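Shown next, in structure tokens, is the structure this report addresses.
Computed from a predicted model, the values in this text were never measured in an experiment.
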Amino acid sequence: MLNFDLQNHRPLREIVYEQLKMQILRGKIVPGTRMMEVELADEMGVSRTPVREAIRKLEKEGLVTIEPRKGAYASDISLRDMVDTLEVREDLEGLAAALAAERMTDEQIQELTEISKKYREAVKNSETEKMISYDEQFHRYIVACSGNKTLLQISGTVQELALRFRYLYYDDFSRYEFMPVEHQRIIDAISSHNVEEARNVADVHVKKLKEFVIREGEEEFK
């Protein structure tokens with residue numbers, strides 16, 4: 001049930017939409033699951049109207065598929081979907097790192113380092129939820145420190161799509177054992193204010209993930 005006291009009196013339809021969206025992105029509503037308005041409304045303690053509005057909005061974003069006379073389903077994810085998103089992330093992450101190398105302060109670099117340390121510890125302890133959270137924080141923080149509002153907006157959408165993929169394959173894929181080292185290379189390039197190196201290591205970081213997904217994910221996501 002929704003906690004309305006913490007929502008600062010925002011419109012109910014927005015609250016329902018955001019909660020359903022995060023349930024899909026985080027795998028709480030798995031791909032192919034039928035989204036029953038009555039059941040969702042009961043779970044959230046609301047009427048069917050804001051749930052119906054949220055589902056229609058999520059359909060426009062590609063997270064829900066509505067089939068005539070059958071109902072609404074959480075959209076399936078294919079290997080192609082994952083690769084498409086990672087292709088876009090390559091350029092965005094590289095640009096963000098390059099701008100961050102120009103603009104990040106020592107305090108911001110220290111904060112990025114702290115996030116990376118938490119991620120490294122989560123990987124060491126095989127804590128999936130924390131790995132996903134700190135990985136997302138790491139990349140979002142670099143974008144935030146790029147100082148480019150347009151990049152921040154575009155990257156936010158791409159990061160949301162990537163978040164859904166993380167929850168699908170994080171438990172099974174072993175690539176994340178090597179991610180802390182790659183994160184450190186990005187930090188080193190940014191802290192040395194080497195713009196081209198920052199762009200390159202961030203680009204390679206995502207490119208390796210894309211290649212890994214293609215190589216290991218063909219059977220799982222075909």
key: Contact summary for Asp76 and Gly32, nearest pair of heavy atoms   = OD1-N, 3.4 Å

inquiry  = Quick check: is Ile29 connected to Leu163 through a chain of hydrophobic side chains (ILVMFWY, heavy atoms under 4.5 Å apart)?
reply    = yes

query = Sub-3.5 Å donor-acceptor pair from the side chain of Gln108 to the main-chain atoms of Thr105, do we have one?
reply = yes

key: Side-chain (Asn148) to main-chain (Thr150) donor-acceptor, under 3.5 angstrom   = yes

message = Could you walk me through whether Tyr141 and Glu136 satisfy the side chain to side chain contact (heavy atoms under 4.5 Å, CB included) test, starting with their C-alpha distance in whole Å, then the side-chain angles of each, then the deciding distance to 0.1 Å, before giving a yes or no?
response = CA-CA 8 Å; Tyr141 192 70; Glu136 184 185 15; over 6 Å; no

inquiry  = Quick one: does any side-chain atom of Ser192 pair with a main-chain N or O of Ala189 as donor and acceptor, under 3.5 Å?
reply    = yes

query = Is a donor on one side and an acceptor on the other found under 3.5 Å between the side chain of Asp203 and the backbone of Arg199?
reply = no

request  = Nearest 0.5 Å please: distance from the NZ atom of Lys130 over to the CG atom of Asp135.
outcome  = 15.5 Å

key: Nearest-0.5 Å distance, CD of residue Glu102 to CG of residue Asn194   = 11.0 Å

request  = Answer with yes or no whether the side chains of Asp81 and Ser78 bring together a donor and an acceptor at under 3.5 Å.
outcome  = yes

ask   = Stepwise, does the side chain to side chain donor-acceptor pair (under 3.5 Å) test hold for Gln19 with Gln23?
value = CA-CA 6 Å; Gln19 293 220 1; Gln23 285 187 50; 5.0 Å; no

message = Going by ring-ring contact (aromatic ring centres under 6.0 Å, His included), name the residues that satisfy it together with Tyr134, two or more places apart in sequence or in a different chain.
response = none

ask   = Just how far is it from atom OG of Ser75 to atom CG of Leu58, taken to the nearest 0.5 Å?
value = 9.0 Å

ask   = What's the verdict on salt bridge (charged side-chain N to carboxylate O under 4.0 Å, His left out) for Arg80 and Asp84, showing C-alpha distance, side-chain angles and the deciding distance?
value = CA-CA 6 Å; Arg80 183 70 255 172; Asp84 285 348; 2.8 Å; yes

query = Is a donor on one side and an acceptor on the other found under 3.5 Å between the side chain of Arg103 and the backbone of Ser146?
reply = yes

request  = Sequence neighbours left out, what pairs pass salt bridge (Lys or Arg N to Asp or Glu O under 4.0 Å) with at least one residue falling in residues 144-161?
outcome  = Lys21-Glu160

inquiry  = For a quick check under 3.5 Å, do Gln137 and Ser133 share a side-chain donor-acceptor pair by atom type?
reply    = yes

request  = Evaluate the salt bridge (charged side-chain N to carboxylate O under 4.0 Å, His left out) criterion for residues Glu211 and Lys208: first the C-alpha distance (whole Å), next the side-chain angles of each, then the deciding distance (0.1 Å), finally the verdict.
outcome  = CA-CA 5 Å; Glu211 293 170 350; Lys208 285 184 177 179; over 6 Å; no

request  = Could you tell me whether the side chain of Tyr73 reaches within less than 4.5 Å of the side chain of Thr33, counting heavy atoms only?
outcome  = no

query = Would a hydrophobic clustering, with Ile, Leu, Val, Met, Phe, Trp and Tyr connected at side-chain separations under 4.5 Å, put Leu79 with Leu209?
reply = yes

message = A side-chain contact here means heavy atoms from C-beta on lying under 4.5 Å apart; do Met104 and Leu99 qualify?
response = no

request  = Taking all heavy atoms of Pro50 and all of Val16, pick out the closest pair and write down the distance.
outcome  = O-CG1, 3.8 Å

ask   = Looking at CD1 of Ile109 and CG of Asp106, how far apart are the two atoms once the value is rounded to the nearest 0.5 Å?
value = 5.5 Å

ask   = Under 4.5 Å between any side-chain heavy atoms of Val51 and Thr49, yes or no?
value = no

message = Under 3.5 Å, is there a donor on one side chain and an acceptor on the other for Gln184 and Asp188?
response = yes

query = Taking only residues two or more places apart in sequence, or in another chain, which ones meet Thr85 in a side-chain hydrogen bond (donor to acceptor under 3.5 Å, both in side chains)?
reply = none

ask   = Can you tell me how far the OG atom of Ser47 sits from the CG atom of Leu12, to the nearest 0.5 Å?
value = 6.5 Å

query = Same cluster for Ile190 and Ile115 if Ile/Leu/Val/Met/Phe/Trp/Tyr side chains link at under 4.5 Å?
reply = yes

task = Evaluate the side-chain proximity of Lys28 to Met22: yes if any heavy-atom separation is below 4.5 Å, no if none is.
result = no

task = List for me each residue that meets side chain to side chain contact (heavy atoms under 4.5 Å, CB included) alongside Ser116, sequence neighbours excluded, and say none if there are none.
result = Phe138, His183, Ile187

query = Taking atom CG of Leu40 and atom CZ of Arg34, what is their separation to the nearest 0.5 Å?
reply = 11.0 Å

task = Flag yes if Val201 and Val204 sit in one hydrophobic cluster, no otherwise; membership is Ile, Leu, Val, Met, Phe, Trp, Tyr, and two members link when side-chain heavy atoms are under 4.5 Å apart.
result = no

Which pairs would a plain distance check flag for residues 88-98, meaning a side-chain donor or acceptor within less than 3.5 Å of a matching protein atom at least two apart in sequence or in another chain?
| residue | atom | partner | partner atom | Å |
| --- | --- | --- | --- | --- |
| Arg89 | NE | Glu93 | OE2 | 3.3 |
| Arg89 | NH2 | Glu93 | OE2 | 3.1 |
| Glu90 | OE1 | Lys207 | NZ | 2.9 |
| Glu90 | OE2 | Lys210 | NZ | 2.8 |
| Glu93 | OE1 | His139 | ND1 | 3.2 |
| Glu93 | OE2 | Gln159 | NE2 | 3.0 |

key: Beyond-backbone contact of Ile142 with Arg140, side-chain heavy atoms, under 4.5 angstrom   = no

key: Side chain to side chain, Met179 and Arg120, heavy atoms closer than 4.5 Å   = no

ask   = If you group Ile, Leu, Val, Met, Phe, Trp and Tyr by side-chain heavy-atom gaps below 4.5 Å, do Met36 and Leu20 land in one group?
value = no

query = Would you say Glu87 and Val83 make side-chain contact, with heavy atoms under 4.5 Å?
reply = yes

query = Side-chain contact, heavy-atom cut-off 4.5 Å: Ile24 with Val30?
reply = no

message = Per the salt bridge (Lys or Arg N to Asp or Glu O under 4.0 Å) rule, what does the pair list look like for residues 46-56, sequence neighbours excluded?
response = Glu37-Arg48, Glu37-Arg52

